[in-house]
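Everything on this sheet refers to the single structure shown next.
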Amino acid sequence: MIRGYAESENPFPALGLYAEMHGLGIESDTHTYPFLLKACAKLMAVKEGEMVHGVVVRNGYEELVFVKNTLLHFYSSCGLAENAYKLFELMCERNLVTWNSVINGFSINGRPNEALTLFREMSFEEGVKPDGFTMVSLLTACAELGALALGRRAHVYMAKVGLHDNLHAGNALIDLYAKCGSIWEAYKVFNEMVVRSVVSWTSLIVGLAVNGFGKEALKLFGDLEREGLLPSEITFVGVLYACSHCGMVDEGFGYFKRMREEYGITPKVEHYGCLVDLLGRAGLVQEAHKFIQDMPLQPNAVIWRTLLGACTIHGHLTLGEAVRARLLQLEPKHSGDFVLLSNLYASERRWTDVQKVRRTMLKEGVKKSPGHSLVELQNCVHEFVMGDKAHPQTEQIYKMLEEIMKKLKLEGYVPRTSNVLADIEEEEKENTLSYHSEKIAIAFALINTAPKTPVRIVKNLRVCQDCHIAIKLISKAFDREIVVRDRSRFHHFKGGTCSCNDYW
DNA sequence: GTAGGGTTAG
């Protein structure tokens, strides 16, 4: 019974049954724990899982590799990669599932570097051969880092050991190439797949959309329908995202209607979020506000933040302030909201208000999350932060930055300082030569790669307006294609223009 | 005869 529930869509009753069993004085055996932990993992029931962990230890089943592996999986899927790793370190017997569980724990919890390190340890030091599961975690880690060369190597390896036909690994490859901005390689993987699932289609649709190929994403969705496949709610998130980033307002609402009526999918807050963005981006800010007020779900912070973003782009000061007040109630210390509000005031040239926002931030101890940019070079991922001086090539990098600035000024570039808050740390450091991390990363890449090679950067925050203008000019002045993945989407810079059409 | 994987609005 417990097994049945644990493996079903609603594993909740499994926990109740266990409690009942416990109450009747029936002891669990080694067959029960894995299913219980599976249920806890699915439900993210941390407390219950930790309790089961305690029982496992008390009954002396801790050293059984099967049981321990489910514990690793439980902690990993509840966002507690560290707990999983601690257990892993103490294990005397490990098998492939053990390695996969702990690697995946790091990979899905935003610690891709640790996932890669463990993968190397597993395959090069311990000589354990990876399987499809391992490759999915590895590719996910590469995708997060934007490590294209490393991902390609994994792809080659998969072909060599016969894992290239694995459906899940194939899907992870599509996602990898899309998240590295190499959408044509994603297409290639998709086209060569022996078996595809709706996830394969969805991954490519989402990948096309975030890379700025909205029309192609919608075309692919059409192909999916012609094949008679059933799109999922995530497919529709991709479709609606494509519409909002291409300004296709009517089409977006058309798909939303079809999602509900033809496919019977109940829209979630993510779908409403896309539509708020769709209206807001298109300048229909009042309509977006009305849409939020009329939606049947409770709007969350992301919904209001989307509207605040639209107010900032289109200069709706009064509404923006009202939305900001709501966000203060929902998430008072979200640094991004302070930045948005400040940009809103800056766009209206209200400098006193900009200063006020800054002072509040300092007073409340709200720190802007530090931006960093990643560049991959010869299978190594280099990280740069604003004003970075830690890299061994610092001297060369800053010389290059000077050269870049000289060239850009000839092209008519004037540094844009209206995003005052974006430079808050810069001012604190009182360092006039403190460049944003993406500029440093680009200088580093220009030094270390052959002319005309594309430059790829992954940034954890959104690229600021000043850097966006500068990178457009760099792509022209240095004749380089520059691909920047920021927090929200891709920017493909080439010959002085960007694929986002300055709209992001 | 009990364990693990892919896509999600700002």
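Residue numbers begin at 1 in each chain, while the letters A, B, ... track the order of the sequences.
Of the possible polar contacts, one joining the A:S101 side chain to the A:V97 backbone as a donor-acceptor pair under 3.5 Å is found.
Residues of residues 305-321 of chain A that place a heavy atom closer than 4.0 Å to DNA chain B, in numerical order, are A:R305, A:T306. Contacts between residues 102-110 of chain A and DNA chain B, counted as heavy-atom distances below 4.0 Å, involve A:N104, A:I108. Near DNA chain B, meaning a heavy atom under 4.0 Å away, the residues from residues 31-39 of chain A are A:H31, A:P34, A:F35, A:K38.
Between A:H22 and A:Y18, the two ring planes are tilted [angle within 30° to 60°]. Ring orientation note: the planes of A:F190 and A:W201 are nearly perpendicular, at an angle over 60° on the 30°/60° scale. Relative ring orientation between A:F256 and A:F253 is described as perpendicular, the plane-to-plane angle rising above 60° on a 0-90° scale split at 30° and 60°.
Residue pairs meeting the ring pair (Phe, Tyr, Trp, His ring centres under 6.0 Å) criterion with at least one member in residues 40-61 of chain A, sequence neighbours excluded, are A:Y33-A:Y61, A:H53-A:Y75.
Using a 4.0 Å heavy-atom criterion, one finds that A:V269 contacts the bases of the nucleic acid, with or without backbone contacts as well. Looking at heavy-atom distances under 4.0 Å, A:H168 makes contact with a base. Note on A:D486: nothing from the nucleic acid sits closer than 4.0 angstrom, heavy atoms only. Looking at heavy-atom distances under 4.0 Å, A:R487 makes no contact with the nucleic acid at all. Residue-level contact check: A:T235 touches neither bases nor backbone, having no heavy atom under 4.0 Å from any strand. Among the atoms of the strands shown, only primed sugar atoms or phosphate atoms (P, OP1, OP2) are found under 4.0 Å from some heavy atom of A:S203. In this structure, A:F66 reaches the bases: a heavy-atom distance under 4.0 Å links it to at least one base atom across the strands shown. Across all strands, A:D131 comes closer than 4.0 Å to base atoms (heavy-atom distances).
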Under 3.5 Å, which donor-acceptor pairs link side chains of residues 7-15 of chain A to any protein atom two or more places apart or in another chain?
{"unit_1": "A:E7", "atom_1": "OE2", "unit_2": "A:K38", "atom_2": "NZ", "d": "3.2"}
{"unit_1": "A:S8", "atom_1": "OG", "unit_2": "A:Y5", "atom_2": "O", "d": "2.7"}
{"unit_1": "A:S8", "atom_1": "OG", "unit_2": "A:N10", "atom_2": "N", "d": "3.3"}
{"unit_1": "A:S8", "atom_1": "OG", "unit_2": "A:N10", "atom_2": "O", "d": "3.2"}
{"unit_1": "A:N10", "atom_1": "OD1", "unit_2": "A:F12", "atom_2": "N", "d": "3.2"}

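Qualifying side chain to side chain contact (heavy atoms under 4.5 Å, CB included) partners for A:V199, counting only residues two or more places apart in sequence or in other chains: A:N171, A:S197, A:S203.
Look at CG on A:N69: it is 12 Å from P on B:dG5, rounded to the nearest Å. Distance CD1 (A:I2) to P (B:dA3): 13 Å, rounded to an integer number of Å. If you take NZ of A:K268 and P of B:dT7, they are 14 Å apart, rounded to a whole angstrom. One can place CD of A:E7 at 15 Å from C1' of B:dG5, the figure rounded to the nearest angstrom. Counting to the nearest Å, the P atom of B:dA3 and the CE atom of A:M91 are 15 Å from each other. Put simply, NZ on A:K42 is 10 Å from P on B:dG5, counting in whole angstrom units. A:E144 places its CD atom 15 Å from the C1' atom of B:dT7, with the value rounded to the nearest Å. One interatomic measurement links the two molecules: NE2 of A:H245 to P of B:dA9, which rounds to 9 Å at whole-angstrom precision.
You'll find that the side chain of A:R462 is closest to B:dG10, out of B:dT2, B:dA9, B:dG10. Of the candidates B:dA3, B:dG5, B:dA9, the closest approach to any side-chain atom of A:V97 belongs to B:dA3. With B:dG5, B:dT7, B:dA9 as the choices, the nucleotide that has an atom nearest any side-chain atom of A:V199 turns out to be B:dT7. Side-chain proximity of A:D175 to the nucleotides B:dT7, B:dA3, B:dA9 is greatest for B:dT7. Side-chain atoms of A:T30 lie closest to B:dT2 of the nucleotides B:dT2, B:dA9, B:dG10.
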CA sep, side-chain torsions, deciding dist, call: A:T134, A:S137, side-chain hydrogen bond (donor to acceptor under 3.5 Å, both in side chains) = CA-CA 5 Å; A:T134 330; A:S137 301; over 6 Å; no
Could you give me the CA-CA distance, side-chain angles and deciding distance for A:W99 and A:F119, then say whether ring pair (Phe, Tyr, Trp, His ring centres under 6.0 Å) is met?
CA-CA 8 Å; A:W99 284 98; A:F119 173 78; 9.6 Å; no
Check: Given A:R487 and A:N460, is the side-chain contact (heavy atoms from CB on, under 4.5 Å) satisfied, shown in steps?
Finding: CA-CA 5 Å; A:R487 204 197 173 107; A:N460 66 331; 6.0 Å; no
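Applying the 4.0 Å criterion to OP1 and OP2 of B:dG10, one finds that A:H271 has every side-chain N and O outside that range. Phosphate contact (OP1/OP2 of B:dT2, side-chain N/O of A:K68, threshold under 4.0 Å): absent.
With a 6.0 Å cutoff to the six-membered ring centre and a 45° limit on the axis angle, A:R324 counts as a cation-pi contact of A:F338.
Ring pair A:Y187/A:Y177: centre-to-centre distance not below 6.0 Å.
Residue ring and base: A:F133 counts as stacked with B:dG5 (centre distance below 5.5 Å, interplanar angle below 30°).
With A:N343 as reference, A:T312 is the one residue of A:T312, A:I313, A:L308 to meet the side chain to side chain contact (heavy atoms under 4.5 Å, CB included) rule.
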